[in-house]
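Take a look at the structure below.
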Amino acid sequence: MTPPPRPLRIGNASGFYGDRFDALREMLTGGALDVLTGDYLAELTMLILGRDRAKDPARGYATTFLRQLEDTLGLAMERGVRLVTNAGGLNPAGLADAIRELADRLGIECRVAHVEGDDLLGARDWGPGVVTANAYLGGAGITACLRGGADVVVTGRVTDAALVTGPAAAHFGWAADDWDALAGAVVAGHILECGTQATGGNYSFFAEHDVRRPGFPLAEIHPDGSSVITKHPHTGGAVTVGTVTAQLLYETAGARYPGPDVTARLDSVRLTQDGPDRVRVHGVRGEAPPRTLKTGLTRLGGHRNEVVFVLTGLDIEAKAALVRDQMEGAMSKRRPAEVRWTLSRTDHPDAAVQEEASALLRLVVRDRDPAAVGRVISGAAVELALASYPGFHVTAPPGKGSPYGVFEAVETPADTVPHTAVLPDGTRLSVPPAPTTPAAGGPVDEPPLPPPLPPGPTRRSPLGAVAGARSGDKGGSANIGLWARGADAWRWLAHTLTVDRLRELLPETAALNVTRHPLPRLRALNFVVDGLLGEGVAAQARFDPQAKAVGEWLRSRHLDIPEVLL
């Protein structure tokens, strides 16, 4: 009897540009791997790389990855681990050349390939101020490079999950329409893409595990696309149904998770604890992908400046009103296009520590004209040093202002994007878009919910006593995913946390469009709040510009919770 093929072990060593530098070596030395991926790109990162490229056309890639390879490239080749990364950013060919030069200098035999075609900046007129325009490619180019014998594959802008779907399809020989298998790999890729967020990092119930230095995750992917999420032995953190659920909900929306390779049905995902630090991901169904590719545009939106006034002790509201009047007067001759004041009442009465007696009044101004937010603002704030409220001081000396970016997502027909795999020998292969169907992306029926809990005594308690949360950003929108820790808690959560109740608990969302997506198999609700982040993270429109802590804010809000759940 032929034994089943062993799973493909794919690890992750980076969740963003700036992640743990030693992770590449840790993952290569911590246990067996077949493929090691690294995700370096985000919406804000593309703007940063775009500005780098504007200064020097030879730049535009994540130089950190190249530095990491200085003492790990030989190790990866010795162990037969293939490296797949999107660190190529806006210049994948440039990074591929730099890796070849590094390999030659170190005397290491290494076959390097890259994927290009995502960069659409010159393809059309995107409007004023656009710095980058990149389509989110799928994993098929990576598949072609690996089948062409590459040891290292460098990409530009691909979907985060493509770093996993590409190697999996190459290893198992999946066809472009093996939707269920591809969807399983997409889900595994989404779990891995943010590194240690799957192993206990940024986890609501962090006190249950030692997460001081969580290990990076890996997925054991099987031929049918199912997987087991785990980590190397003797590394920190934990892999549980809870940690995996949290990451599954991160930066997603409804039942359909569309991508260039496949549309994964998140409402089909099943998670099972498969032993210590092992979570089985199975039952994932896939559908045809959409006919278009998401294309991310970053542009310079203008210039911004910020002053944070510290208000201490008594009469906080009156002090805030005074300095507002003074600054508004200084701006009256040339008022910036956008002026935003926020008073954070971080002060406590009768405080034994001065900082605890202080509130923060934040002024943020924006305008396309740098002069409107420069000296006129910072100078006015400085001039108040001896002429305003008692105890006047600011958190940092006011500056001259700085440019800020804006992110926008548009759709581009997939068959117009020149997805190309450049093999180690220089051969260029055109990668066709994934097959699709006319019905791709149709509406999803509302799933049935469990019966509500019977009436009983309640206690005023924080929502976080019975639910975990993870939140994040997608352009100017935020998502807030919540999951219940048990069947009864899910019965209560599903019927209690409606859109109206969310708006009551989070007043900042009251005037915004909020959509609720139930995911019963995960015992989860996912809310998408349109416009909470203004024009995206680069614009820094609010105190928490990436909505990282909105979920924890929601968990801290109090409701009448059934005592049986507490």
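- To the nearest 0.5 Å, atom OH of residue Y250 and atom NZ of residue K548 are 2.5 Å apart.
- Side-chain contact between E70 and R105 is present, with heavy atoms from C-beta onward closer than 4.5 Å.
- Minimum heavy-atom separation, G117 to V417: O-CG1, 3.5 Å.
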> Would L218 and I10 count as a side chain to side chain contact (heavy atoms under 4.5 Å, CB included) if you check the C-alpha gap in whole Å, the side-chain angles of each, and the deciding distance to 0.1 Å?
Replying inline: CA-CA 5 Å; L218 64 93; I10 302 181; over 6 Å; no
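- Counting heavy atoms from C-beta on, the side chains of D473 and E251 come closer than 4.5 Å.
- With sequence neighbours excluded, the residues forming a ring pair (Phe, Tyr, Trp, His ring centres under 6.0 Å) with H190 are Y257, listed by chain and number.
- Taking each heavy atom of E193 and A161 in turn, the nearest pair found is OE1-N, 4.2 Å.
- Within the 3.5 Å criterion, the main-chain N or O of G286 finds a donor-acceptor partner in the side chain of D180.
- At a threshold of 4.5 Å between non-hydrogen side-chain atoms, the residues L121 and V130 count as touching.
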>> Could you walk me through whether R265 and V284 satisfy the side chain to side chain contact (heavy atoms under 4.5 Å, CB included) test, starting with their C-alpha distance in whole Å, then the side-chain angles of each, then the deciding distance to 0.1 Å, before giving a yes or no?
In response: CA-CA 7 Å; R265 290 294 296 259; V284 185; 5.9 Å; no
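- The list of ring pair (Phe, Tyr, Trp, His ring centres under 6.0 Å) pairs with a residue in residues 15-44, not counting sequence neighbours, reads Y40-F65.
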>> Under the criterion side chain to side chain contact (heavy atoms under 4.5 Å, CB included), I'd like the reasoning laid out for T515 against H517: C-alpha separation, chi angles, the key distance, then a yes or no.
In response: CA-CA 7 Å; T515 307; H517 301 282; 3.5 Å; yes
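- For S477, the side chain to side chain donor-acceptor pair (under 3.5 Å) partners are D530, not counting sequence neighbours.
- For residues 117-138, every residue pair satisfying the salt bridge (Lys or Arg N to Asp or Glu O under 4.0 Å) rule, not counting sequence neighbours, is listed here: R53-D119.
- Between the side chain of R82 and the main chain of A150, a donor-acceptor pair closer than 3.5 Å is present.
- Under the 3.5 Å distance criterion, the side-chain polar atoms of R9 are left unmatched by any main-chain donor or acceptor of V35.
- For the pair V279 and V228, the minimum side-chain heavy-atom distance is 4.5 Å or more.
- Side chains of V154 and V115 form no contact here, defined as non-hydrogen atoms less than 4.5 Å apart.
- The OG atom of S226 sits 13.5 Å away from the CZ atom of R270 when rounded to the nearest 0.5 Å.
- Atom CZ in R67 sits 12.5 Å away from atom CG in L24 (nearest 0.5 Å).
- A salt bridge is absent between E43 and K474: the closest approach of a Lys/Arg side-chain nitrogen to an acidic carboxylate oxygen does not fall below 4.0 angstrom.
- Rounded to the nearest 0.5 Å, atoms CD1 (I229) and CG (D274) are 11.0 Å apart.
- A search for salt bridge (Lys or Arg N to Asp or Glu O under 4.0 Å) contacts involving D367 returns R334, not counting sequence neighbours.
- Without hydrogens or angle criteria, T72 side chain to R25 main chain gives no donor-acceptor distance under 3.5 Å.
- For the residue pair G156 and L41, the shortest heavy atom distance occurs at O-CD1, 3.6 Å.
- Within the structure, ring pair (Phe, Tyr, Trp, His ring centres under 6.0 Å) contacts touching residues 131-163 (residues at least two apart or in different chains) do not occur.
- Between the side chains of H114 and E116, at least one donor N or O sits under 3.5 Å from an acceptor N or O.
- Separation of atoms CD (E78) and CG (L73) is listed at 10.0 Å; rounding is to 0.5 Å.
- Side chains of E287 and T263: no donor on one and acceptor on the other come within 3.5 Å.
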>> Let's go through T298 and V406 carefully: what are the C-alpha distance in whole Å and the side-chain angles of both, what is the deciding distance for side chain to side chain contact (heavy atoms under 4.5 Å, CB included) to 0.1 Å, and is it a yes or a no?
In response: CA-CA 6 Å; T298 62; V406 172; over 6 Å; no
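- Applying side-chain contact (heavy atoms from CB on, under 4.5 Å) to I99 and the options L83, L66, I108 leaves one that passes, L66.
- Counting all heavy atoms, side chain and backbone alike, T132 lies closest to M46 at CG2-O, 3.4 Å.
- Checking S430 against T420 by side-chain atom types alone, no donor-acceptor pair falls below 3.5 Å.
- Note on residues 86-97: pairs passing salt bridge (Lys or Arg N to Asp or Glu O under 4.0 Å), not counting sequence neighbours, are D97-R100.
- Between the D34 side chain and the L8 main chain, no donor and acceptor come within less than 3.5 Å of each other.
- The closest side-chain heavy-atom distance from T155 to T85 is not below 4.5 Å.
- Side chain of S14 to backbone of T37: no donor-acceptor contact under 3.5 angstrom is found.
- The closest side-chain heavy-atom distance from N479 to N526 is below 4.5 Å.
- A distance-only check finds no donor-acceptor pair linking the side chain of T199 to the backbone of A238 [under 3.5 Å].
- Checking side-chain atoms of D178 against main-chain N and O of A181 turns up no donor-acceptor pair under 3.5 Å.
- Residues passing the salt bridge (Lys or Arg N to Asp or Glu O under 4.0 Å) test with D277, sequence neighbours excluded: K231.
- Put simply, the side chain of D52 never gets that close to the backbone of G60: no donor and acceptor are under 3.5 Å apart.
- At distances below 3.5 Å, not a single donor-acceptor pair connects side-chain atoms of N86 with backbone N or O atoms of R157.
- Scanning for side chain to side chain donor-acceptor pair (under 3.5 Å) contacts around K400 gives an empty result, with sequence neighbours left out.
- With sequence neighbours excluded, the residues forming a side chain to side chain donor-acceptor pair (under 3.5 Å) with R20 are E26, listed by chain and number.
- Looking at every heavy atom in both residues, G237 comes nearest to V211 through CA-CG1, 4.3 Å.
- By the 4.5 Å heavy-atom criterion applied to side chains, P258 and P290 are counted as neighbours.
- The ring pair (Phe, Tyr, Trp, His ring centres under 6.0 Å) pairs that include a residue from residues 137-185 are F172-W174, where partners are two or more places apart or lie in different chains.
- For the residue pair L69 and L102, the shortest heavy atom distance occurs at CB-CD2, 3.6 Å.
- L163 CG to T159 OG1: the interatomic distance, rounded to the nearest 0.5 Å, is 7.5 Å.
- Evaluation of the side-chain contact (heavy atoms from CB on, under 4.5 Å) rule for N305 yields V365, V373, I377, S378 as partners, not counting sequence neighbours.
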